[in-house]
Amino acid sequence: MQVATSELDEIRAIERKWQDRWFGDKIFEPKSAGPKKYFLTTPYPYTSGPQHIGHTRTYNVADIHARFMRMNGHNVLWPMAWHITGTPILAISSCIERRESATIALYKNYVRLYEDDESRVEQIVNSFVDPWNIANYFAEKIAPDFKKMGFSIDWSRQFTTGDLVYNQFIRWQYGKLMELGLIVRGQHPVLFCTIDQNAVGEDDIAGGDVKKISIDDYVGIKFSLDEAYVVTASLRPETVFAVTNLWVAPDATYVKAYVDGETWIVSLESASKLRYQQREVTIIEEFQGTSLLGAHCVSPLGRKIPILPASFVDSDHGTGIVMSVPAHAPYDWAALNDLKQQGSTGLDVDLSSLRSDIEAIQPISLVKIDGYGDFPAAELCERYGVRSQRDDETLSHITNILYREEFYTGILKETAEQFDGRLVRDVKQDIVEFLNSRNAASSIYETSTKGLCRCGGRVVVAIEPGQYFLNYGDPHWKEKAFELLDQLEIVPEIYRAQFVQTFEWLDQRPCVRRRGLGTEFPFSTEHWIIEPLSDSVIYMALYTVIQHIRECDPKRLTPAFFDYIFLGKGHATDVCQQTGLPETVIRAARKDFIYWYPNDHRHTAIAHISNHLSFFLFHHAILFPEPCWPKLVTLNELLVRDGVKMSKSKGNVIPIATVPEVYSADLVRLCLVSIADLNSTVDWREKEVEMVKKRLLRFWHATKRDVEAARPEYNGPLSFASRWILAATKAMVSKTSEAAHQFSYRKYVTEAFFEHLNRVEEYKSMILGGNERRRTLWDVIDIWLRVLAPVVPHIAEELWERMLKSGYISLAEFPLYDDLYAETLPQKGFLDGVISDISNIQAAIKRETESVFIYLPAQWKYTLYAVARGLDDPSIKNIMARAKEDPFLRMYMKEIAHIAPDLAKSLAHEALSADALDFQAESETLLAAKDYMTRKFGKHVHVCAENDNVYDPANRARRALPMKPAIYVE
RNA sequence: GCGGAGGUAGCCAAGUGGUCAACGGCGGUGGGCUCAAGAUCCACUCUCAAAGGAGUUCGCGGGUUCGAAUCCCUCCCUCCGCACCA
C-alpha cells in the first residue's frame, strides 16, 4: 500500500471504461460454432471469502493466454463457476453463530471490501450464520473482482456446486462410477470432534492451518499381568525385543476394562478414546498409577519386566503406558537415569520397594546404525546435555533425530531373534504379524498432536464405519489414467514426474463426508455428502451445456439425459420421452458438448497436482471416451509477499478487491507475469511493483503522445534507423509469439514490453523528428499494441481507440511476422558494438576530447575473413596457407600473419561469422548513425576507411578489422 | 527416507556447451536537471590495469571437452509433496 497512487488515476478510469464496454457488449461470450475452438478452464473459486492476489496469478496467466489465443483466431471459451461444497464454509458459519470474535472480525473486514455502510456490514456478517449466505455472497462479489482485473471470462455460464442442476450432474457421475465398480466401502480412521460428534477437517480445528494434526497408526502391544493385559502403544513395535520395563504416570488414573472381550489395563483417557475406534469398552475399576508400580508383567516374548514410574508419561497419549527401551529411546534412557540417581525423578513416589528392580535394569541394544555404539539414546542424551526426563524440548528433538535415523537406516541385531539383520523400515508389518500370532498386538490410532475443535471439543481419532471410497487403486482405472497421462501435454514439463508419482501412489480415497454442503451420495440411506475434491473433477463438461439446462426442472435431468449429452448413448427422441425435456434442448446440449469438448487447456496452481488435477485426469480417463480427454495442463507456482507466504494470520494478504484502488489492473497483470516464470515463485515486492509502474506510465505517456494525431503522411525513403525499428518490431512479434506458445509469458513481457520500450526510445534518439519518424512510430505502435494487448488490455484498448482503429483490440488479429528490413538487425548489432567500444575508450582516457575517428578496415581484410570462414578447419596454419594461394591476399601476408591467431580464435565462435557484414554494410551503417553518434557522444564523429590516406595521428587505422573498426579519440 | 525443484555477484534474479565478467531490477557511488527535496535521466558498481586489456568467479570437490555457470560423478545445503485437506 506504499505505492503512490495519484498518477495511476487516468489508467484506472480507462480500465473501468473498457471493462464496462467489454462486458456490456459480451465480447468474451463465444458462439458454439466455428473453426479452431479453444476451451480453457481454471479452477472455480471456493467461495469462503474474497480472492487475493495469489489466486489472481493463476487466472492472470490464463487470461493472457486466452487473449493471445483469441487474437490468433481461436474461438475461446473460458467460463467460470463457484465451488461451495465442503466443510470450510460450514465451519465459518458455526464460528459466526458462536460469535467467535476473530472470525467475525475477519469476515467484517472481508465484507468491508465491498460495503461502505457499517450497519450493512454487520447485517451481512450476521446473515453468515447460514452457510449458504456465505457461499452466495462471495460468489456474487468475486465475479466483479475478476471483471476489475479485466479477465476475459464468459460470465454467461455461471453455476454453483450447490445448484440442483449440479447435484443431478454429480449423481450421474457417481452412478457411472458405481456401475463401474469403482466405489468401495470400508472402515477408515478420521479426526473427530467429541462435542460435535462429527468428523473434522483442518478448517474445523482451532489453529488447524498452522498446527497440522495427523493420524498416527500405533501398534498396541499387550503385556500379561495376571488375567489382564497391560497395553502399551508404540509406533515402533520391533522395540519389543529391547523392552526393559514399562512406564506409567503415578498420579494418573488408570482403568481395568473389558475391551472387545479382553481385560485391558490402560489410562482412563485412553479407554474413552478407544470407544471412538469401534471398540466395545466397559470399565471395571479405576485406580491410580501408583498401584501398578512394582508389578511384573510378561512381555509377548515371555520376559518378566517391572512397571516403574516416569514423569514424562502422558496418560492422555496412546494408552498412557509406555514401553521402555532405554538403549534406543532418549526419554526412556533419561527416565531410567533419573530413577537410578534417586531423588531426581521429580515424582512424589516412594522408590524403596522398586530399588532392586531399578538396579537390575540393563539397556538392551537392538538396532545398529552408523556412527553410534550400542546405546544411541545414551550417546545423544550426553551429547545434548540432557539432565533429566523433564528436558522435554531437547528430548523430543533428539527422539526425532534418532527415530528417523533408526527407522530409515537401522538394521536389527541378533537381539531381534528371527528378525536379525532385517532393516527396521521393512520389518514393521512382519513384527505386527508375529505379535498377532501371539495375540499380543492391536491397532490403536492417536492424533499426532493434541488439538481442539473450534467448538471447544477435543479432537480424537474415530473410525467411521461404512465410509465410501473411490478406488483409485483399481488396476483398470489406473491403466486408463496412465494412458491419458501419456497423451497429455504438461507445461512446464518438469511437473510430469509428480503426476506419475501421484498416479502410482493413489489408492482408495474417501469420497463422502458426514456433513458439509454439496451433493448427497445417491447410494446410501445414511446421510453422506460427496466431498469437495470428489465433486469437482468433471464439471468442465457442465460448462458446455449449462445454458441449455439451467432453466430445466432439475428432476428431469436424469442419468439418461446426461448419458445422451455427454456419452451419446441412446437417442434424443427417447431421452425426450423419458425425461419430458424438449428435444431441442437435448439436441442443442449434445451439439454444444461435442463442439466444446475436450477441455483443450486447464491452467491451475501446482498445489493441485497431487489431488484435484490427478482426480480430474482419472475421472476423465474412465468416464469419457478418448476424444474427450483433456489435452493440456499448465501450471504455475505460488505467490509470496516479501519472501513470506501470504496468510490471513499474517495479515499480509492483498485482496483483488483493493487492486483498482491500490494499484491498477494492467499494472498488476504486468507485474504478475514479469516477476517470474510459471515454474518459479512470484515474490510480490512493492519496490519491484513501483519499478514496473514507472515503466508502464512511461510507456503510456510516450505512446499517448505518439498517437495523438492521425496517421502522418510520409512516402519518402526510410532511413536506417526507421528500417531497423520496423524490423526489430517484427522480430519482437516472432519472439513473443514463440514465447506464448511455450507459455513463457515472462519472456513475452520482457521482450514485448521492457526491451521494446527501450528500443523505441533508442529509435527516438536516433531520429529526432519529422514525418518519417512520426509515421514509422505509428506503424510500430500499430503492431506493438496488439502484442501488448493480452497483457495490458485496457491501455492497449484505449490507445487503439485513439489511433481511430475500429473494433476492439481484444478481438483484433495478432500481428504476423515478416522479414522486411531484417538485414538491419545485424547492422544494428555491429553499431552497438562500435558504440560500446567508443564508450569504453572514452571512459578509459578520462580527459576532454572533441572528435572520434572510426576507421573501417581495408577491403583485403574482408576478403581474408570470408576466405577463413570458408575453411573447414580455420586454424592459423590453414588460414595462412589459403591466403598465400590468393593473389590479392598474398600482398598482405605480413599483416595477415599478425591477424591470423585472433581470427582463428574468433572463428571458433560460430556466431561471429553468422552475422558477418561486408564493407558496404558496415560503412552504410556507420554513416547512417554518424549524426546519432555525434549527438550521443557530444563529439564530432568521423567515419573513414583504412586506406584513405586519412587523418590518423595515432596510427590506429591499421588495427581495423571486420566487425571491429579501429577507433581514435582526440 | 522416497519423489520433485533448486543453490549464479551486497540482495532478488536471467542464463543450461563457445557472442558470459554473466540480461534485468533493488541497493550503493558519482554526475546532469532542480532554489531544494521527490521524480527523472546518464555513468560506474568482482580484482588489477587504464585506448577498446588482463586475472579470478556461478554451493564444495572431482571428471568429460580445444573450451563448462551450462554435461557427468561424490558430497553439503535450501524449498515443496508424501493423502482423505481445500
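Note that the structure is a prediction, hence the values are computed from the model and not measured. To find a chain, count down the sequence lines: A is the first, B the second, and so on, and within it residues start at 1.
Pair check for B/rG27 finds B/rU45; Watson-Crick or G-U wobble, both atom distances under 3.5 Å. Base pairing of B/rG67: no nucleotide in any strand meets the Watson-Crick or G-U wobble criterion (both distances under 3.5 Å). Across all strands shown, B/rU78 forms a Watson-Crick or G-U wobble pair, both distances under 3.5 Å, with B/rA5. B/rU34: no Watson-Crick or G-U partner with both key distances under 3.5 Å is found in any strand.
Distance, A/Lys747 NZ to B/rG15 P: 8 Å, rounded to whole Å. When rounded to the nearest whole Å, the span between CZ of A/Phe937 and C1' of B/rG32 equals 17 Å. As rounded to whole Å, 12 Å separates atom C1' of B/rA14 from atom CG of A/Asn679. As rounded to whole Å, 19 Å separates atom P of B/rC84 from atom NE2 of A/His612. If you take CG of A/Leu506 and C1' of B/rC82, they are 11 Å apart, rounded to a whole angstrom. Rounded to whole angstrom, the span from the CG atom of A/Asn758 across to the C1' atom of B/rG24 amounts to 10 Å. A straight line from CD of A/Glu690 to P of B/rA39 spans 8 Å, rounded to a whole angstrom. The nearest whole Å value for the distance from the CZ atom in A/Arg496 to the P atom in B/rA5 is 14 Å.
When only modelled atom types and interatomic distance are considered, A/Arg602 and A/His612 share a side-chain donor-acceptor pair under 3.5 Å.
Of the candidates B/rC26, B/rC84, B/rA86, the closest approach to any side-chain atom of A/Leu533 belongs to B/rA86. Side-chain proximity of A/Lys687 to the nucleotides B/rA86, B/rG27, B/rA51 is greatest for B/rG27. Comparing atom distances between the A/Asn611 side chain and each of B/rA13, B/rG52, B/rC85 picks out B/rC85 as nearest. Of the candidates B/rA51, B/rA86, B/rG52, B/rG52 carries the atom nearest the A/Ile967 side chain, counting heavy atoms from C-beta on. Closest contact between the side chain of A/Val969 and the listed nucleotides B/rA14, B/rA86, B/rA51 involves B/rA51. Picking from B/rG52, B/rC82, B/rA86 the nucleotide with the shortest atom distance to the side chain of A/Ile841 gives B/rG52. Of the candidates B/rA5, B/rA14, B/rG25, B/rG25 carries the atom nearest the A/Glu688 side chain, counting heavy atoms from C-beta on. Taking the side chain of A/Arg956 as heavy atoms from C-beta on, and the options B/rA14, B/rG52, B/rG81, the nearest nucleotide is B/rG52. Between B/rC12, B/rA51, B/rC85, one nucleotide has an atom nearer to the side chain of A/Arg509 than all others, and that is B/rC85. With B/rA51, B/rA13, B/rA86 as the choices, the nucleotide that has an atom nearest any side-chain atom of A/Arg746 turns out to be B/rA13.
A gap of 12 Å separates the P atoms of B/rG7 and B/rU70, to the nearest Å. B/rU29 and B/rC35 have their C1' atoms separated by 25 Å, with the value rounded to a whole Å. If you take atom P in B/rA22 and the same atom in B/rA43, they sit 16 Å apart, rounded to whole Å. Taking the P atoms as reference points, B/rG30 lies 23 Å from B/rC23, given to the whole Å. For the P atoms, the distance linking B/rC20 with B/rG32 amounts to 33 Å, nearest Å. Atom name P, nucleotides B/rG59 and B/rC66: the rounded distance is 24 Å, in whole Å. When the P atom is compared between B/rA68 and B/rG18, the two are found 11 Å apart, to the nearest whole Å. B/rG27 and B/rA13 have their C1' atoms separated by 14 Å, with the value rounded to a whole Å.
In this structure, A/Pro510 reaches the bases: a heavy-atom distance under 4.0 Å links it to at least one base atom across the strands shown. Residue contacts for A/Pro965: at a heavy-atom cut-off of 4.0 Å it reaches a base atom on one of the strands shown. Across all strands, A/Ala966 comes closer than 4.0 Å to base atoms (heavy-atom distances). When heavy atoms are screened at a 4.0 angstrom cut-off, A/Phe754 is found touching no nucleic acid atom at all. At the heavy-atom level, A/Glu755 lies nowhere under 4.0 Å from the strands shown.
Here the CG atom belonging to A/Asn636 is positioned 11.0 Å from the CG atom belonging to A/Asp677, to the nearest 0.5 angstrom.
For the pair A/Asp837 and A/Glu637, both in contact range of RNA chain B, the more 5′-proximal nearest nucleotide belongs to A/Glu637. Nearest-nucleotide positions on RNA chain B place A/Asp683 closer to the 5' end than the other of A/Asp507 and A/Asp683.
Around atom NZ of A/Lys764, more than 12 heavy atoms belonging to other residues, nucleotides or ligands sit under 6.0 Å away.
With salt bridges taken as basic N to acidic carboxylate O contacts below 4.0 Å, one links A/Asp832 and A/Lys828.
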(Q) A/Phe482 vs A/Phe503, test: ring-ring contact (aromatic ring centres under 6.0 Å, His included). Steps then yes/no. (A) CA-CA 8 Å; A/Phe482 270 107; A/Phe503 275 35; 5.4 Å; yes

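For A/Phe138 and A/Tyr46, the ring centers are positioned 6.0 Å apart or more.
Not a single salt bridge (charged side-chain N to carboxylate O under 4.0 Å, His left out) links A/Glu504 to another residue, sequence neighbours left out. For A/Thr399, there are no side-chain hydrogen bond (donor to acceptor under 3.5 Å, both in side chains) partners at least two apart in sequence or on another chain.
The phosphate of B/rA86 (OP1 or OP2) has a side-chain N or O of A/Arg513 nearer than 4.0 angstrom.
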